[in-house]
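Before I ask anything, let me first share the structure, which is written out below as structure tokens.
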Amino acid sequence: MLEIKNLHVNVEDQEILKGLNLKVNKGEVHSIMGPNGSGKSTLAQVLAGRDSYKITEGEIIFEGKDLLKLSPEDRACEGIFMAFQYPVEIPGVANTYLLREALNSIRKYHGEEPLKHIEFAKFAKEKMKVMDMEDNLLKRAVNEGFSGGEKKRNEIFQMQILEPKLAILDETDSGLDIDALKIVADGVNALGSPERAFVIITHYQRILDYIVPDFVHVLVDGKIVKSGGKELALELEKKGYGWIEEEKTAANS
Amino acid sequence: MSITLSEKDNGYKEGFAGFEKTAPGSNLAWLKSMRQEAITKFLELGFPTQQNEDWRFTNVAPIARSSFDILVNGHDKVSASHLTPYQFEGEDVCELVFINSRYSKELSTLSKLPEGVIVKNLAEAIDSQEDILKENLAKYAEFKDEAFTALNTAFMEDGGFIYIPKGTIVEKPIHLLFISTKGENPSITNPRNLIIVEDNCQANIIEHYVSLEDNVYLSNVVTEMVVGENSSVGHYLIELESKKAFNISTLRIQQARSSNIRSHSVLLGGSLVRNNIHPVLAGEGCNSLINGLYMSTHRQHMDNYMKVEHVSPHCDSRQLYNGVLDGRSRGVFHGRIIVHEDAQKTDAKQTNRNLLLSDHAQVDTKPQLEIYADDVKCTHGATIGQIDENALFYLRSRGISKEASRDIILNAFTNETLKSMTLDSVKNYCTDLIADWFKQRELAQKN
């Protein structure tokens with residue numbers, strides 16, 4: 001589904017990703033872990049199409065298409081969704097309005113008829129239940145005045161509505177209490193399907209107790225330095241990132 | 001005979017001497033002396049300069065150096081079909097039409113109103129409602145240190161007169177439509193509106209200024225609105241004049257105990273616009289909502305001067321003004337809140353947000369709080385910025401096109417000030433005007 005080959009990315013002339021390779025197949029859950037500043041969020045932003053990042057080398061193929069040639073909106077229409085680490089507040093735009101516009105833009109892209117208000121309302125209501133969200137969050141302006149937990153939950157709620165092929169969660173678990181974390185995890189698990197893949201970017205192992213990854217990758221200094229199964233996450237939790245960095249230094253010397 | 005006003009050769013003084021003889025109500029001693037007092041004041045004050053703190057960001061020299069004719073005709077140029085674009089779809093209104101600030105009986109629609117309500121033009125009210133006028137006219141809009149108000153008071157001829165007696169609910173909005181036509185030379189009009197709402201009433205009033213042609217003139221408007229106890233009044237000001245026009249407008253509101261007013265200004269037209277809003281919350285427990293939207297482009301200059309006076313305890317005021325500025329235009333928001341000594345428990349909030357669409361547009365925003373009471377809550381905030389790139393990316397990342405995302409953000413910004421309008425027809429009318437503004441902008445960018 002997704003193949004990233006030798007990806008090099010600069011931000012303001014500083015190289016952040018330094019030859020990253022990753023392959024994600026349908027139905028898989030990948031977790032990318034790594035210390036601060038290793039390039040985790042850069043990867044998420046690049047996949048979503050943020051233009052302040054400069055790709056100097058490498059390619060990203062998504063469903064056979066050159067992803068880097070697509071605009072952010074076309075990527076979303078092709079089935080990529082990123083849950084923001086810091087969801088943006090948009091005053092004056094109702095949550096429900098954003099979601100209906102988004103869903104209908106994606107439907108239009110695929111030549112489908114737009115959903116009518118009432119159809120959309122019904123659909124949204126079902127998804128609200130999964131996320132244990134109150135009705136008024138739909139009417140409120142996007143993320144405005146939301147608590148940290150509400151913002152993250154809202155991201156996953158959007159994902160539920162848009163039903164992407166590939167969902168990238170950028171530290172969605174950071175800062176959540178355990179109840180909110182469970183709701184977020186339930187929201188992700190509810191979408192689990194052999195046709196869908198997840199890339200869960202996280203700093204902490206905790207979320208992986210609730211969303212079981214097929215693969216865990218460790219990102220250090222712009223490269224994936226180690227990959228393994230779920231047990232790798234536990235090891236990282238126990239030992240921290242230090243030993244991997246040491247291992248890497250040893251290998252280089 | 002036409003009268004020309006100019007700072008050259010004693011033009012205003014001599015013009016007044018000619019004007020005064022034939023002005024409406026020239027036979028009434030009280031009115032005559034009021035006019036004379038006003039012209040004396042105006043001549044003494046002269047047009048304000050930027051040394052005057054209240055005019056620091058707005059240079060009225062282009063007005064001061066012009067000479068203006070007082071137009072006496074133009075009625076033949078306007079027919080009913082000209083009004084259609086300025087009417088509110090689906091709304092049954094009571095409509096007074098003024099052409100170059102003189103009443104047009106033919107074009108006005110005085111539909112049936114509740115008993116006792118009087119809606120007519122001021123020139124006629126001077127004859128028939130002299131008592132009410134004598135008691136109220138120029139009693140609220142001070143001209144002692146306001147040159148433009150003094151000028152208006154000296155040269156006022158006509159405008160809207162609205163009187164709503166105690167306990168009356170006026171369902172139909174009252175629409176005052178001012179249309180300017182082109183004369184041979186730049187012209188001046190001094191519309192004067194007097195709105196008296198007694199206790200326990202409800203009403204909505206729309207002042208609407210438009211141009212038939214793209215010409216230079218000065219609209220120098222003064223509106224006094226007196227709101228009785230426990231009354232609720234919506235006031236709308238829509239400024240759509242020619243891109244060459246000067247518009248100076250003063251809305252002075254006097255609020256009695258437990259009254260509730262909502263003032264909405266939408267400024268789109270004019271080359272130099274000054275919008276003075278001055279509510280005095282005189283009685284206890286008043287509520288004032290003062291919202292506005294200014295959208296300027298090219299070299300337009302739009303100055304909003306708010307003076308919100310809290311005189312009595314337990315009053316709330318809320319100001320929200322949003323500006324969208326393009327081209328080389330300039331916006332000003334000067335928000336004064338004055339809390340007098342007795343106005344304890346005042347809750348006053350002021351917000352001014354500006355969106356700059358061009359690198360050459362400019363905004364000056366200046367909050368000014370003067371608080372003489374000790375138990376009050378006053379807050380103010382101002383922002384100036386470009387379209388939020390993060391918000392834009394966020395929307396696009398959800399599948400919405402770049403153009404549509406941009407429109408969503410801009411509309412959210414402009415709607416913020418419109419959503420509190422209770423008259424849907426007027427809100428829709430303004431929404432269309434804004435959509436058109438953006439469309440024009442888009443077209444201009446393509447060319």
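Every value quoted in this text rests on a predicted model; they were computed, and no experiment measured them. Naming convention: chains lettered A, B, ... in sequence-line order (proteins, then strands); numbering from 1 in each chain.
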B/Ile408 vs A/Leu98, side-chain contact (heavy atoms from CB on, under 4.5 Å): CA-CA, chis, key distance, verdict:
CA-CA 9 Å; B/Ile408 288 173; A/Leu98 158 68; over 6 Å; no

Residues at least two apart in sequence or cross-chain that pass side chain to side chain contact (heavy atoms under 4.5 Å, CB included) with B/His301, listed by chain then number, are B/Thr58, B/Asp303, B/Arg330, B/Val332

Could you pull out every donor-acceptor pair under 3.5 Å between chain B and chain A?
| from | atom 1 | to | atom 2 | distance (Å) |
| --- | --- | --- | --- | --- |
| B/Asn390 | OD1 | A/Arg50 | NH1 | 3.2 |
| B/Asn390 | OD1 | A/Arg50 | NH2 | 3.3 |
| B/Tyr394 | OH | A/Asn143 | ND2 | 3.3 |
| B/Tyr394 | OH | A/Glu155 | OE2 | 2.3 |
| B/Tyr394 | OH | A/Gln158 | NE2 | 3.2 |
| B/Arg396 | O | A/Glu73 | N | 3.4 |
| B/Arg396 | NE | A/Glu73 | OE1 | 2.6 |
| B/Arg396 | NH2 | A/Glu73 | OE1 | 3.0 |
| B/Arg396 | NH2 | A/Glu73 | OE2 | 3.4 |
| B/Arg398 | NE | A/Gln158 | OE1 | 2.5 |
| B/Arg398 | NH1 | A/Met82 | O | 2.9 |
| B/Arg398 | NH2 | A/Met82 | O | 3.1 |
| B/Arg398 | NH2 | A/Glu155 | OE1 | 2.7 |
| B/Arg398 | NH2 | A/Gln158 | OE1 | 3.4 |
| B/Lys402 | N | A/Glu73 | OE2 | 3.1 |

Pair count under 4.5 Å, heavy atoms only, with chain B: among A/Ala102, A/Ala94, A/Gly92, highest is A/Ala102

For B/Lys366, I'd like to know if atom NZ has over 12 heavy atoms of other residues, nucleotides or ligands within 6.0 Å. yes

The interface call for A/Pro164 against chain B, heavy-atom contacts under 4.5 Å, is neither

If one checks every heavy atom of A/Ile90 against chain B at 4.5 Å, the contacting part turns out to be side chain

Per-residue tally against chain A (heavy atom, under 4.5 Å) across B/Ala404, B/Gly399, B/Ala412 peaks at B/Gly399

message: Please check if the number of heavy atoms outside B/Leu443 that lie under 6.0 Å from its CG is greater than 12.
response: yes

- Item | Side chains of B/Leu395 and A/Val142 in contact at under 4.5 Å (non-hydrogen atoms) | no

Heavy atoms of B/Phe393 and A/Gly49 approach each other most closely as CE1-C, 3.6 Å

